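Written below as structure tokens is the structure these notes are about.
Predicted model, so just to flag it, every value in this text is computed and none were measured. In what follows, every chain begins at residue 1, and chains take the letters A, B, ... in the order their sequences are listed.
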Amino acid sequence: MLNDGAPAARAPLPSSSAQTNPMSDQVVTRFAPSPTGFLHIGGARTALFNWLYARRHGGRMLLRIEDTDRERSTDAAIGAILDGLDWLGLDWDGDVVYQFSRVARHREVAESLLASGGAYHCYASQQELEEMRESARRDGRPLRYDGRWRDRDPADAPPGVKPVIRLRAQSEGETVVQDHVQGRVVWQNKDLDDLVLLRSDGTPTYMLAVVVDDHDMAVTHVIRGDDHLTNAARQSQIYRALGWRAPEWSHVPLIHGADGAKLSKRHGALGVDAYRDLGYLPAALRNYLVRLGWSHGNQEIFSDEEMVAAFDLGQIGRSPARFDVAKLESLNGHYLRQAPDAELVCRLETLLPVLGPARGLGTSFTPEVRRRLEASMAGLKERAKTLIELLDSAYYLHASAPLTLDAKAAALLDEAARARLASLLPILEVVAEWRAPELEAAIRSFAETAGTKLGQVAQPLRAALTGRTTSPPLFDVMEVLGRTESLARLRAQVENGADA
RNA sequence: GCUCCCAUCGUCUAGCGGUCUAGGACGUCGCCCUCUCACGGCGAAAACAGGGGUUCGAGUCCCCUUGGGAGCGCCA
């Protein structure tokens with residue numbers, strides 16, 4: 001899936017200014033994705049939480065791309081993440097920090113730890129480590145590095161082997177993480193092994209890079225997925241060894257799929273770009289995401305301002321939430337109804353390159369279609385849950401001459417119905433003003449004289465004009481379509497009936 | 001296997017020892033509105049995983065069981 005080609009082609013942004021000097025009590029959060037794929041829904045929520053917390057406290061949210069894995073990081077993924085954040089409406093402060101550009105600093109910190117005795121060289125080979133894990137697995141022992149080089153004389157180093165640098169972690173006592181979400185979490189140090197800080201090729205591990213960068217970027221609050229909870233313990237050890245103050249932690253439970261299993265690509269772990277193409281509004285996704293794992297009493301709908309004002313780490317739940325498309329759709333329907341008509345036309349148009357071709361539409365609307373869309377939007381948006389539904393429900397506005405009837409509409413237009421329309425035709429032809437109220441009056445009186453219910457006339461008419469059995473209010477439809485177009489569509493069906 | 005986390009309607013959740021015959025939202029099902037479908041309104045079914053404690057009193061605190069989840073890389 002990943003394009004491993006030439007990541008070196010990318011010029012990393014300079015990040016020498018990462019050493020910031022903010023006011024000491026300013027809140028600084030960060031979103032730190034690794035660019036190995038799109039911005040998925042879990043990452044989006046993490047970004048949102050970081051964004052909200054920073055905004056809530058008048059602080060800053062930084063963006064750091066963790067691209068130290070040169071094999072798996074791609075420019076395409078960086079682009080997708082940036083685009084995703086942009087679409088979601090989450091902005092960050094300052095320049096993007098590319099972690100890879102900071103390797104020299106990471107190495108420097110590792111060396112300093114080595115010099116101070118807080119770390120040591122380990123010459124164990126990959127194979128050796130694998131055997132260690134294998135035998136531990138076999139004997140039912142914990143899978144940990146056994147510290148074989150921890151106190152060994154470096155003179156014993158095998159020739160020609162490039163060592164890694166490992167943290168000389170405390171082996172007794174406990175490591176405590178005070179977490180705003182998880183509470184006080186305690187590990188016995190004997191259960192934690194000596195992690196690798198610097199690989200044998202001189203590049204930093206994630207564990208080191210994160211600590212150094214968060215420190216240098218003056219991050220005060222780390223808000224991330226709880227798959228990092230045990231990492232927090234190990235990172236605490238690094239902070240302690242360095243004599244640095246650790247940030248405030250908040251480990252948010254992961255989002256699960258509808259079946260309760262971890263959200264994977266198989267079920268719903270789509271990139272936010274997919275949600276955009278599925279016709280969801282960023283505001284709806286934000287609102288859905290903020291309520292997934294977080295609550296504020298019984299409030300369900302939050303404007304951005306309300307979200308920012310109410311957001312609080314302490315109200316984040318500790319159990320994983322399942323992703324529920326139905327609720328997202330419901331919220332999306334709400335925001336659709338609330339959105340200005342012109343904005344919706346605009347959003348539809350930006351989706352046209354994606355949705356248009358399959359629907360016989362170009363990549364933009366004609367002025368006439370745009371006019372009709374806007375005039376009908378009030379009635380249309382009330383009936384749609386997504387922009388796709390909205391576009392599909394507007395079929396009749398851009399359909400050309402011979403309207404394609406869907407199955408229900410075709411069934412509705414039986415002989416009797418066509419006959420009814422045939423006798424209605426001359427009445428409509430002489431309607432003085434082609435406006436909804438006049439049309440309604442004319443059709444109601446026609447139904448009355450014919451001794452039928454309005455629905456008996458309205459439904460066939462709707463089918464003839466829109467090709468569907470559902471639509472916005474019929475008389476509005478007629479007004480927007482105009483006299484010429486309406487009568488043409490009506491005649492087409494009446495004649496069609498005569499042929500049959 | 002080891003470490004850690006979690007557990008209220010199908011789903012998201014409110015609840016932070018008594019106000020809980022457990023509230024809201026989505027979804028589901030009725031009814032109303034009505035030219036269709038929606039929207040809107042009204043109503044219904046629907047949960048404290050199980051077992052022990054603590055307490056005058058437990059959905060709320062503790063323990064165990066069960067069931068989920070995360071982590072245990074020279075990935076991030």
[atom1] atoms of [N] and [M], separation to the nearest Å:
N	M	atom1	result
B:rA46	B:rG52	C1'	29 Å
B:rG59	B:rG51	C1'	16 Å
B:rC63	B:rU55	C1'	16 Å
B:rG24	B:rC42	P	12 Å

So, are A:Glu300 and A:Lys327 salt-bridged, with charged N and O less than 4.0 Å apart?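 Judged by the 4.0 Å cut-off on N to carboxylate O distance, A:Glu300 and A:Lys327 do form a salt bridge.
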
Hey, is A:Glu382 close enough to A:Arg337 for a salt bridge, meaning N to O under 4.0 Å?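 A:Arg337 and A:Glu382: not salt-bridged.
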
My understanding is that a pair needs two contacts under 3.5 Å, Watson-Crick or G-U wobble. By that rule, which nucleotide pairs with B:rC61?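 Checking every strand shown, B:rC61 finds its partner in B:rG53, with both distances under 3.5 Å.
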
Between A:Met207 and A:Tyr145, just flag the one whose closest nucleotide in RNA chain B comes earlier from the 5' side.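 Going by which nucleotide is closer to the 5' end, it is A:Tyr145.
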
Quick one: on RNA chain B, does A:Gln182 or A:Gly293 contact a more 5' nucleotide (nearest heavy atom)?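 Its nearest nucleotide being more 5', the pick is A:Gln182.
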
Which nucleotide in B:rC39, B:rA76, B:rG10 has an atom nearest any side-chain atom of A:Asp324: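 Among B:rC39, B:rA76, B:rG10, the one nearest the side chain of A:Asp324 is B:rG10.
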
Give the nucleotide from the list B:rC26, B:rG69, B:rA14 with an atom nearest to the side chain of A:Ser295.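 Looking only at side-chain atoms, A:Ser295 lies closest to B:rA14.
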
What does [X] touch in the nucleic acid at a heavy-atom separation under 4.0 angstrom: a base, only the sugar-phosphate, or nothing?
X	value
A:Arg291	base
A:Thr470	base
A:Glu66	sugar-phosphate
A:Thr469	base
A:Pro473	base
A:Glu300	base
A:Arg468	nothing

Between B:rG27 atom P and A:Leu328 atom CG, what is the distance in whole Å?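 Rounded to the whole Å, the gap is 12 Å.
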
Indicate the ring-plane relationship of A:Tyr288 and A:Phe323, choosing parallel, tilted or perpendicular according to the 30° and 60° boundaries.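 Correct class here is perpendicular.
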
Sort out for me which residue in A:Leu85, A:Leu62, A:Ile223 forms a side-chain contact (heavy atoms from CB on, under 4.5 Å) with A:Phe31.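 When A:Leu85, A:Leu62, A:Ile223 are each tested with A:Phe31, the side-chain contact (heavy atoms from CB on, under 4.5 Å) holds only for A:Leu85.
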
Would you find a donor on one side and an acceptor on the other, under 3.5 Å apart, between the side chain of A:Thr386 and the backbone of A:Gly279?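 Flag not set: sc A:Thr386 to bb A:Gly279 has no pair under 3.5 Å.
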
